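A short worksheet on the structure shown next.
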Amino acid sequence: MAPRTESLSAFGAGKVILLGEHSVVYGHPALAGPLSQGVTARAVPAKSCQLSLPATLSRPQRAQLTAAFARAAEATGSPPVKVSLEADLPLAVGLGSSAALSVACARLLLQAAGAEPSHKDAVRVAWAMEQEFHGAPSGLDHTTSAMEQLVLYRRKPGAAKGTGQVVDSPRPLHVVVTLAGERSPTKKTVGALRERQARWPSRYERLFTEIGRVSTEGAKAVAAGDLEALGDAMNVNQGLLAALGLSSPPLEEMVYRLRELGALGAKLTGAGGDGGAVIGLFLEPKPVVTKLRRMGVRCFSSQLAGPRAS
């Protein structure tokens, strides 16, 4: 099929992990959903396949993004377009910004090459970019972004790729996403956890296994429309993440602030560490966002699943 010559655009959604971060890397299930915020990639015809790099990136970030884009270009036949990126998603805080970028670029380059970007193809190209960004990602982030649905994801030990099972909700599932503290580099947080896991494998495997069980229970609660049970699972998951050494005073303070504001459940989402994103499950999120912003908290709300108001 011939490459397309008109201007194109494609979107990749950010994500939040409701249940199961970190344990998903060790073969256990995790429950994640797409945000309405994400990354938009735009393309115009050019002499070669190229990326316009955001000026705000550091030199290492520019090098990494250039290498990741080269992988996507190679996987799609390097269509002759110049790609630019726009994000309305906070970056590097645990909300899947690299996966959103990867999915947006994958869909755009597939379109530019003249293909209709199927979910399977978008996942394949985005996976190549995510490997450049993260080395050995679980696959959860870009799968959730590409599917744009709430999914229970699992990659069995030894498997090259995982699978995402769609979880439908009969009730609207809203979260408020807040930012707390300065986030540690993911590699630092993950590496420290891996060292502890290697030193005391039995103890940490018990914690990972329990997080996987809580994730499965949470998915069943969503399907049953029992958001109160989902909220309780989130609270339990937060305790387990703290036991793994992944929480911190700024994150814990935000967790308890959200619970005081009426969250059915609240927990960190993503890698954790010194700071990052914290989510709260609310039946009515808008008043909470208003209150938090008055307090000076950076936040927004997003619906992850369920019926949407017309």
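Everything numeric here is computed off the predicted structure, so don't read it as measured data. No hydrogens, no waters, no symmetry mates; every other heavy atom, side chains included, goes into these values. Start at 1 with the first residue, then count along the sequence.
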Seminar exercise, completed: residues 21-44 vs salt bridge (charged side-chain N to carboxylate O under 4.0 Å, His left out), sequence neighbours excluded, gives E21-K267, R42-E86
Seminar exercise, completed: Residue pairs meeting salt bridge (charged side-chain N to carboxylate O under 4.0 Å, His left out), one or both in residues 208-226, sequence neighbours left out, come to E210-R213
Problem set entry | Check: A146 main-chain N/O paired with R107 side-chain donor or acceptor under 3.5 Å | yes
Counting only pairs under 3.5 Å, give me each side-chain donor-acceptor contact of residues 286-293, with atom names and distances, residues two or more places apart or in other chains.
from : atom 1 : to   : atom 2 : distance (Å)
T290 : OG1    : K286 : O      : 3.2
R293 : NE     : C299 : O      : 3.4
R293 : NH2    : C299 : O      : 3.0

For this session: Apply side chain to side chain contact (heavy atoms under 4.5 Å, CB included) to Q37 and list each qualifying residue two or more places apart in sequence or on a separate chain.
Result: L35, D88, L89, F300, S302
Exercise. Backbone N or O of S52 within a donor-acceptor pair of the S84 side chain at under 3.5 Å?
Worked result: no
Problem set entry | ring pair (Phe, Tyr, Trp, His ring centres under 6.0 Å) partners of Y26, counting only residues at least two apart | F208
Problem set entry | R196, CZ atom: more than 12 neighbouring heavy atoms under 6.0 Å | yes
For this session: Kindly write out the residues that satisfy salt bridge (Lys or Arg N to Asp or Glu O under 4.0 Å) with R171, not counting sequence neighbours, or none if the list is empty.
Result: E228
Exercise. What residues, two or more places apart in sequence or in another chain, satisfy side chain to side chain contact (heavy atoms under 4.5 Å, CB included) together with T163?
Worked result: none
Seminar exercise, completed: side chain to side chain donor-acceptor pair (under 3.5 Å) filter on H28, not counting sequence neighbours, yields E205
Seminar exercise, completed: Taking every heavy atom of G272 against every heavy atom of L251, the minimum-distance pair comes out as CA-CD1, 4.1 Å
For this session: For residues 234-248, pull every pair meeting side-chain hydrogen bond (donor to acceptor under 3.5 Å, both in side chains), keeping only residues two or more places apart or in separate chains.
Result: N235-R259, Q238-S247, Q238-E252, S247-E252
For this session: Quick one: which residue pairs count as a ring-ring contact (aromatic ring centres under 6.0 Å, His included) with a foot in residues 86-130, not counting sequence neighbours?
Result: W127-H142
Exercise. What residues form a side chain to side chain donor-acceptor pair (under 3.5 Å) with T56, not counting sequence neighbours?
Worked result: none
Solution key, residues 8-17 side-chain donor-acceptor pairs under 3.5 Å, sequence neighbours excluded:
from : atom 1 : to   : atom 2 : distance (Å)
K15  : NZ     : G94  : O      : 3.2
K15  : NZ     : D141 : OD2    : 3.4

